[in-house]
Amino acid sequence: MKLVTGPVFQTLKSFTRDATQLMKPISTISILESSLQKCQRPNQFLQVHAQMITSGFVKDNFAASRLLFFSVGCLFFDLSYSHQILFQIDVPNAFTWNTLMRAYIWRDSPQFCIPLYSLMLGSDSVPDNFTHPIVIHASAIRSSEVEGKQIHAHVKKFGFDSDVYVLNTLINMYSVCGNLYDAQLLFDSSPVLDLVSWNTILAAHVKAGNVNEAIRIYDQMPEHNTIAANSMISLFGRFNCVNDAYKIFDEMKARDVVSWTAMISCYEQSEMFTEALVMFSRMRTEGVSLDEVVMISALSACTKLCATRNGEVIHGLIIRNGHESYVNLQNALIHMYSSHGNIVAAQQLFDFCSFLDQISWNSMIAGYLKCGLVVEARALFDAMPSKDVVSWTTMIGGYAQHDQFMETLELFNEMQVGPIRPDETTLVSVISACAHLSALEQGKWVHAYIKKNSIDINIFLGTTLIDMYMKCGSVETALEVFNGMKDRGISAWNAVISGLAMNGLVMESLERFADMENSGVLPNEITFVGVLGACRHAGLVDEGRQHFKSMQQTYGIQPNVKHYGCMVDLFGRAGLLKEAEEFMESMPMTPDVATWGALLGACKKHGATEIGEQVGKKLIELEPQHDGFHVLLANIYASTGRWDDVMKLRGTMRKRGVMKIPGCSMIESNGVVHEFLAGDRTHPQMEKIDKMIEEMTWRLKTEGYQPDITDVAYDIEEEEKETTLYRHSEKLAIAFGLISTFPPTPIRIMKNLRICGDCHEAAKIISRAYQREIIVRDRQRFHHFRLGLCSCTDFW
DNA sequence: GTAGGGTTAG
C-alpha cells in the first residue's frame, strides 16, 4: 500500500479552494450517497470531501461516517486520511470509531486498534456492543494476552459481559493466546452460551491438541453441527486416527467442502494417499463444489503417489473452475510436475504465472535440482528478486545432493556475506559436504558457529556432525557430540557404530551396538550395515555370522544386498573363498557390483588367480564400462607376470573407452581443500613438493623401506615402476601435508580409491620417521598411522 | 464483530 498522506491533503486543500467557486456543495445524505457511489478515482472522492467541507456537512455525524466508510475501502488512501475525516467530527459515534478500527485490522495493522480505542474513550464517545469484539479481535491477531485482558476488564466495566458475541470473542482471544485455562473458565461461567460458544471452545481444545477434552465437549454439546464435526475430523487427522475421523465424517448429516477436505487431509497425514484420492473422486461424484483448498490437498496426494495422470486431470479442473490464478495452487502444481520429472510443465507454469511469490521461486529451484538441472537451478537462484533462508538452503543442499561439495561450501561462504542467517537445515548440508571432503577445519568452524549462535543441535544436525567428525577421523569429538545429544534417535547411534568401525575401533563399535540394544533402541537395516562392516574391518568372521543371523531372528530384518555384500567381503578377506562363493550363490537377489568386487578383491588378495580370472572376466562381461574390474584383473595378471594379458586388457579398455579413474587425494590446509591426482604436477607449490618427495624417498630407504611394485600393472622397468609409485596421489598429499602443516597437527588425507599396499607401507614408516600422525580416509575406511603402525593392523 | 478444512519450497 502506498502512503499518500502529504499529497492527499494538498489536493484536498486545492479542491476545497476551487469548490467554493466551481462546485455545488453537498448537503444532503442522498446526494452524498449517490456521489460516493459514482467515485471511480481517488480525486473524485477528494472532490466529494471538498464539497462537504464547503457546505459544512462534514460536521454531520452520519454524513461523515458514510464518507469515512467509503474512504477505508479505498486502497489508494492511507488510513491517516480516514483518521482525518473522523477527527473533523465533533462527537463521533461508536459506529464511526468501529469502522476505522475494523479498517486497521483489515489492512494488517491491528496494533493501531488499542490506541484508537483509548482515543475513543478519551473523547465523549461511548463504546457499543460492536466495539469490544473488534478490539479483542485485534489483540487476538497480535497474540497479546495483556491487551486482551485489559479489554476484558473494560467489557465488565461497560456491562457487556453477558453479551454472547463479546464473550465468544473473548474465549477465542484467550485460546489464540494459548491461555486455554481462562478460555475454559469464561466458557464455564458464562450465563449465555450459544452454538458458536461451543464451537469456539471446541476449536480451542482442538488447536491445543487436547483430544480427550475435545471429545468430551463434542459429546456434551447441545447439537452436533458441521463446523464442530469438521474440527473433530481435523483433530483425529492430526493424531492419525483415521477410523475415528471417518466415523464422525460418516455420521454427519450435512457435509460441506470443508468436511471433505478435512477427511482427505486426514488420509494424507496417515500416508494413505490412495484413499485420499478415492475420497476426492467420491466427493466429485456427490457433486460437492470444489474450492482451491481441496485442490491443494488432492494435488499433494498425486505428488506423493507419482500419479501424473490424476494430477493432470486435477490441473484441468483447476483451470475449469477458474482457480488457476491462486498462487498456492500454482506452486503445488509446479512442485507436482517437477517431482514427477516433468520440468517442462513446471517451467511453463512458472513462466506464465501472473503472480509469483517466494515459494514459487524456491519451488522452481528445487524442481530443477530434483530433475538434476543444477546449472539451471543456479541461474534461477542468481536471478531471483529476493532470497530467503529456504532459497539458500535449497541451492546449497542441491549442490551437496549432486556431489558438488566444493560448490556447497563456496555458496555457503557467499551466504555468510549476506543478511540471511543459515538455520539447522542449511547447516546439515554444509556439514555433510565437509564430511565428504574431509574438510575438518571447515566442519569445526560450522560447529563453532552453531555453538556461538546457540543453534539447537537437533537429531539431524547432531547425526550429521557425528558423521562428519567420524569421516574426518576425529573420533573423540564425534563421541562428544553424541554424548551431548538429548534426543539421539537411531541415526545418531548408527553414525557412531559405523563411524567407530570405519576408524578401526571395531571392538568399541560393537560395544556401542550392545549399549544401544540395552538402552532399548531398536536397530534397523542401516545399523546392521554398520555392525557387519565392523566385523569385516577386523576380520571377525564368527561375530559376523552371529549378527547376520540375529538381525533376522531377533529383529526380523531381512538382509539386503549390502548385508550380503558385507558377508562376502568378510569371508573373502579372511581367505574363506569357498564360503564366500557359496554365500553369493545363496543370495535371494542379484549380487551388486560391490559384492562381485569383494569376491574379486579377495581372489587377488589370496592369490586365487584362477577363480579371480574367471570372476574378473565374468564381471567385465557384466559391466563392460566399470574401470575397477579391469584394473583388478590387470593386477591379477600382473602379479603372475602375464604382461601380454595385461596389455591386451588395456587394449580392450581403450577400445571400450573405459577410463581408469585416477587416484585422487585431498588434504585440507588453512581451510582450503587441495586436490592431488596421481602423477599430478599442477599444484602451485610443486617445486617444494618435489623436494619433499625426494627427501621422503631418501628417508624411507634409510628406514629400510622396500617399494612394493606388485600392483604396478605396467610392463616397464623396475626403476620406472618405483617412480610411478612415488607419485601416487596420497604420497603427493603427504608431502604437501609435511610442508604446509606443523607438528603435532596430524596430516589428514582423503582418497577416492582404496589406499594401495605400497602407500600403506610408506605411510607407516613416514609416521615414525617424521614423528607425525597420518590419517588417511580411503573409499572404505580409515587408516590412522602412528609411530610406524596402522590402526587397521594391516588387515584391510 | 465470534467458531471449521490446506499446502506448495529446503
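In what follows, every chain begins at residue 1, and chains take the letters A, B, ... in the order their sequences are listed. Because only heavy atoms are used, hydrogens play no part in the values below, and waters and symmetry mates are left out as well, while side chains stay in.
- Nucleic acid contact for A/Asn98: none, since no nucleic acid atom lies under 4.0 Å from a heavy atom of the residue.
- When the shell of 6.0 Å around CG of A/Asp108 is examined, it contains 12 or fewer heavy atoms from other residues, nucleotides or ligands.
- A/Val428 comes within 4.0 angstrom of no nucleic acid atom, judged by non-hydrogen atoms across all strands.
- Looking at residues 162-177 of chain A, you'll see A/Tyr165, A/Asn168, A/Thr169, A/Asn172 sit with a heavy atom under 4.0 Å from some atom of DNA chain B.
- At a threshold of 4.0 angstrom between heavy atoms, the contacts of A/Ile134 are confined to the sugar-phosphate backbone, with no base atom among them.
- Geometric assessment of A/Arg66 against the ring of A/Phe69 yields a positive cation-pi assignment under the 6.0 Å and 45° thresholds.
- Contacts of A/Tyr326 with the nucleic acid, taken as non-hydrogen atoms under 4.0 Å apart, include base atoms.
- The structure places CG of A/Leu277 at 12.5 Å from CE of A/Met283, a figure rounded to the nearest 0.5 Å.
- Near-neighbour residues of DNA chain B inside residues 385-397 of chain A, defined by a heavy atom below 4.0 Å, number-ordered: A/Asp388, A/Val389, A/Val390, A/Thr393, A/Thr394.
- The only option from A/Glu145, A/Lys149, A/Gln184, A/His152 that meets the side-chain hydrogen bond (donor to acceptor under 3.5 Å, both in side chains) definition with A/Tyr174 turns out to be A/His152.
- Along DNA chain B, the stretch of nucleotides lying under 4.0 Å from any heavy atom of chain A spans, 5' to 3', B/dG1 to B/dG10.
- Using a 4.0 Å heavy-atom distance criterion, A/Asp291 is classed as a base contact.
- Within 4.0 Å (heavy atoms only), A/Ser300 reaches sugar-phosphate atoms of the nucleic acid but no base atom.
- Heavy atoms of A/Asp256 sit under 4.0 angstrom from at least one base atom.
- Atom CZ of A/Arg284 sits in a sparse spot, with 12 or fewer heavy atoms from other residues, nucleotides or ligands closer than 6.0 Å.
- Within the 4.0 angstrom heavy-atom criterion, base atoms lie near A/Thr226.
- The backbone N or O of A/Met272 lies less than 3.5 Å from no partner atom in the side chain of A/Ser270, so there is not a single donor-acceptor pair.
- Under a cut-off of 6.0 angstrom, the local environment of CG in A/Asp456 is crowded, with over 12 non-hydrogen atoms contributed by other residues, nucleotides or ligands.
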